[in-house]
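Below is one structure, written out as structure tokens; the observations come after it.
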Amino acid sequence: MHGRWRVGLALAMALAVAACGREQTSGAGATGPIRVGHFASLTGDTATFGRSTDNGIRMKIEEVNARGGVLGRPLELVTEDDRSITEEARTTAQKLVQRDEVVALLGEVASSRSLAAAPEAQRARIPMISPASTNPRVTQVGDYVFRACFIDPFQGAVMAKFARETIGAKRVAILFDFKQDYSVGLADFFRKTFQSMGGEIVADERYTSGDIEFRAQLTKIRGTRPDAIFVPGYYTEAGLIAKQARELGITVPLLGGDGWDSTRTLEIGGSAVEGDFFSNHYAADSDSALVREFVEKYRAKYGEVPDAMAVLGYDAAGILVDALARAGTTDGPKLRDAIAATKDYPGVSGTISMDPQRNARKDAVVIEIKDGGFHYKQTVPAF
Amino acid sequence: MALLEIENLTVRFGGLTSISKLDLAVESGAIVALIGPNGAGKTTAFNVVTGVYEPTEGSVRFEGRQIGGRPPHAISQLGIARTFQNVRLFRGLTAIENVRAALAAARRSGSADVLRPPRWRRREAELNEQARSLLERLGLAREADAAAGGLPYGEQRLLEIARAIATRPRLLLLDEPAAGMNPSEKQALRELVARLREEFGLSIVLIEHDVRFVMDLCERVTVLDHGEKIAEGPPDTVRRDPRVIEAYLGTGGGAA
Amino acid sequence: MNGVAWGGIYALIALGYTMVYGVLKLINFAHGEVYMVGAMTGYYAAHWLGVAGAPSLTGLVLTLGASMIACALLAALIERVAYRPLRSAPRLAPLITAIGVSLLLQNLGQIVFGADPKFFPTLIESRNVFEMGGLSVSNVQLTVLGTALALMAGLELVVMRTRFGRAIRAVSFDAPAAALMGVPVDRVILGTFVVGAMLAAAAGVLVGLTNPKIEPLMGVLPGLKAFVAAVLGGIGNIPGAMVGGILLGVIETLVSGYLSSTYRDAIAFVLLIVILLYRPTGLFGVSQTEKV
Amino acid sequence: MSRSGWITVAACALVLLALDVLLPRVLNPYYATIVIRIGIAVIAAVSLQLVNGFTGQFSIGHAGFMAVGAYVSAAFSVYVGAGWLEAFAAVLPGPLARVAYYPMALAAGGVAAAVAGLVVGIPALRLRGDYLAIATLGFAEVIRIAILNVDAVGGARGFSVAAADHPGADLRFEGFGTVYAVALVTIVVISRLVYSSGGLSFRAVREDEVAAASIGVPATRVKVEAFVVASFFAGVAGALFAHSEGYVHTNSFAFLRSFELVVFVVLGGLGSITGAVLAAAVLTAAPELLRGLGEWRMVLYSLLLIVTMLVRPQGLLGTRELGFDWLRRRLG
């Protein structure tokens, strides 16, 4: 019994130490480093995304610091984990704003968590840039909320155009993740655009994130004989869907969105994803010097090819740094105005301007999966 | 009219007949014993009367009302209380809480409990007083605030009786109240049962193995064996009944 | 067909729940995480043993063996540290340590294995061995089902024919009495955990074969559903868990195939509720009428 | 209620009002959010204690009723209440209009959850022990998935508690006073329910259902009552959650939340209201307090659970109440 009490005591002390641990680092004065907050899912369901954006952001911040920082001050990145939990995104954002006194917030990838946190940024008058939340409502929360990516309607429309014009598909089946608003949104806008271009949606099937079994839906889709299948989900399921589709003898190309952008798609899909296409924010094999340089540096630093989340994290941090320099101050409202005025910022994911709704306006690329790799297929310009 | 009238009662579980065509009447104010070897169906009879089991056939009437098949709590509210063979107290509650629970069970009012108007306080004090006096009458006053589960076995049996009486029954069913008691405790219990009948105007049916225990306590004895009534009458007659002797000896019971 | 393979996996996990429940009346919420660790150690074992690159049956057997041993050790450790000290505690106390262990393994898993999903190596080259109409059967599915059935048959043999099995049944029936009869209750309980964990480990490896995405949180939902399957069959009842698991797998697949995947997760629970309302102790559960 | 009772209530109201005004000035929004979440967790935990701790029924689906409360109250506010709030604001000063409106939103959530509790409770409470547990879990998941499929409350996109057609109506509400007043009401109501002679029925059912029936306690009805009352307060907690967060998503009410509530109740001590309060407060704050540990924080959190349970198998307080006699004298 004594042993047990001792363990309990040790734990209690660890708790106390942990509780006090961060307290000493408060107060970013006008001369110290400029603090930037990043709230992300470093653990939990969508840990991959949070880790990638954090890598991208960290890389950008280090680059800026190596060049002497901004406004004559170094940048300091404070990242907090929200465990992929909706309401914890809000507390992490508050913690960064209140305790770490960050000048701006970067995050989240998942739209639901961005929506939960955005009101806090708005209220504190601290600009927030979401690297990759594509749901239109995120930036509608208020004028301090921005995003570094295009929105679902655009991406859905891009793939609809691609399917109709480039592939020449007339009949398309949709298989989407009804629990991810991202997937639901893409499917919606794909459907609308594709139909308005004279195409026909022959099947509208659903799955749930976390599923590993799609044969039932795919069997139904097979019966409708589509020219292509739109699968606007995340890579975690896309590869499996492709694999099971091929097993069932479905040979038409699968089309996806930026959620496919992960080496995992290849790893799991293997030969099954060959000949499929997806829309993305950038193509790693693009001939743009900016992209090449970024990919090389990223690979040297982290030992892997950056996915879109890393790129968007990098660009979100880039937009912020650019705006800080133009604003000449860390003052929230002025920084907000500077971000809103972003025009033709040369990001890795394209040339970015903020539109009046605070969405990044830029081109999308379509990637083809060929020879076990991602290859640039074509650019679909912003419209 | 008898207080409790059981007519032609049969209880079957699957293919097993536990009680067969039992007739039994308990007059108001009587103390009746139900005896018989293990598995004779005595406790089953109690369970049917208190609504734990439904009769397969036959009728159970209490004060002229058909009660067979009614839920246990409703039967309790009509005025039948019981104790259990294997003592079922609310072990985590104190002795007095066990009694108060029974005093208050039938007249609960959640809104009064929450709002606690002055009359609620008066009633609460009253219940407390009643519970205490009941414990006193059973010699448990000193244990009022002790956890029921921690009481000595004999006191647990007494507390269970107190709890049963707290429901203000007219008929009290005691299932082997003397089990596990030594002779002097048994003697005390016998006196107590007799006294309770007087003080609370009860009719009592008790299940007992020990024929001697019921001898000078009960007016009538009913003997069950294998679910059937094999004898009925005043204790002395029943004791000499050859079928009773056979039933007891046949199961090797030296209880008689 | 695929539903049957899935059902086999649910059944394997459900067995662990049911056996532990049988001997301890404990819902071992950490069981889903043992399954996760089974898949993870299978992943590492396959790479370490060098069988990841070359699909072979020996590779599969070796991987299965390695992960079953690893999980057996893990389960023994969990039982010893988190459950045994609470043997005489209130019934819900070990339930909370079970939840604690479950959280611990999830979070440690994200640190030790990394939070990113991993992809289980191909231990069997997939091909269709049978196809008819909409029904196709792959050799992977057959392997999964075959292994699951073999393990279940093995378990049945152990439980019905060995001294250890008798001891398990004795403890399930009445632990204090079994102890009086000289059954080493502590060792039997430990053994039950170990056997359950080995089955869960096997389930983890088998899942890796059909659906290679594995990650530290993969145990949560299958763990819960396997528990549902165990209750469906009547918790504490070994054949019940097998039938419950396979039933759940088949029904889920049918529902997402013919109705809508939207309701697939809900259907498991709706089904459960309906069955419980009609048979309050599961399909094969013995209704225990309390002696009054 | 006696005069001293009224005085106590008035004093409590004053203190809460003072907190409402003062705390936002003292605490930054980050701590404020944590303090509010603690209040909400306390309400949910104490209400679950009535079912699990006092009536002895094992429900592990309490989050489902929070979800009902959260979504119904949020939908009520967005589609109906926003208009009322605007109408109130036309005749009353802003804060007063909000004070007048919020009880309605909370009541909407509470009543909806209570109805859900009744609908679920009547069939489910026939089940016993672990079968009941799994059925409640099942109902909670079914409720959650059903909500996920209702487009009017956002489905998978989540639901913002803001009415587009009534921009003037600020539906978010983050008053400490309100949350803690509700928490206090919950604690008082539930402790008065169980700590009274009539309330002994709950514990009698917990201790022995057969014996309880034998003294005239309608066991099934008592269980359903406990379930409905608990669901009501869970619904109120959900409503508070929705209005203080300003955005709700079904993910917040998954079975993990239900488990968390069960942990509060068992860790605090089954049958102890103050125990549930204590455990809910500590365990809600812990993940935030442990942030300094980085990725190890949840590891430590789970170790904390395990070790506490090993050291105190009966829960932090067992069935005792912390300073309850004092509180009872004050409020009685």
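Being a predicted model, the structure only gives us computed values, none of them experimental. The chains referred to below are lettered A, B, ... by the order of the sequence lines, with proteins before strands, and numbering in each begins at 1.
Here the closest non-hydrogen pair linking P313(D) and A93(C) is O-CB, 3.3 Å. Looking at every heavy atom in both residues, Q314(D) comes nearest to P90(C) through CA-CG, 4.1 Å. Residues L103(C) and S302(D) approach most closely at CB-CB, 3.7 Å, considering heavy atoms. In plain terms, the two heavy atoms of L104(C) and L303(D) that are nearest each other are CD1-CG, 3.9 Å.
Note on V231(C), V270(C), V220(C): by heavy-atom pairs under 4.5 Å with chain D, the leading option is V231(C). Contact count against chain D (heavy-atom pairs under 4.5 Å) is highest for G100(C) among P94(C), G100(C), A115(C). Between chain C and the residues V266(D), L305(D), L267(D), the most heavy-atom pairs under 4.5 angstrom are made by V266(D). Per-residue counts of heavy-atom pairs under 4.5 Å with chain D were compared for V81(C), I96(C), I27(C); the largest is that of I96(C).
We find the CG-CG distance between L92(C) and N52(D) to be 7.5 Å, quoted to the nearest 0.5 Å. In this structure, I99(C) CD1 and I60(D) CD1 are separated by 7.5 Å, a value rounded to the nearest 0.5 Å. For the atom pair CD1 (I111(C)) and CD (E295(D)), the distance works out to 4.5 Å, reported to the nearest 0.5 Å. Atom CE of residue M298(D) and atom CG of residue L108(C) lie 12.0 Å apart, to the nearest 0.5 angstrom. Rounding to the nearest 0.5 angstrom, the gap separating the CZ atom in F269(C) from the CZ atom in R144(D) is 9.0 Å. One distance of note links CG of L224(C) with CG of L137(D); it measures 5.0 Å at 0.5 Å rounding.
Contacts between F139(D) and chain C at a heavy-atom distance below 4.5 Å involve backbone atoms as well as side-chain atoms. At a 4.5 Å heavy-atom cutoff, the contact between L277(C) and chain D is made by backbone and side-chain atoms alike. For I306(D), the parts lying near chain C are the backbone and the side chain together; criterion is any non-hydrogen pair under 4.5 Å. Both the backbone and the side chain of I235(C) come within contact range of chain D, judged by heavy atoms closer than 4.5 Å. Interface residue L270(D): only side-chain heavy atoms are found under 4.5 Å from chain C.
Judged by distance alone, the side chain of Y131(D) and the main-chain N or O of G234(C) form no donor-acceptor pair under 3.5 Å.
Heavy-atom contacts from other residues, nucleotides or ligands closer than 6.0 Å to CZ of R84(C) number more than 12.
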**Study point:** Candidate pair N107(C) and Y301(D), rule side-chain contact (heavy atoms from CB on, under 4.5 Å), full reasoning
**Key:** CA-CA 10 Å; N107(C) 289 294; Y301(D) 177 90; over 6 Å; no
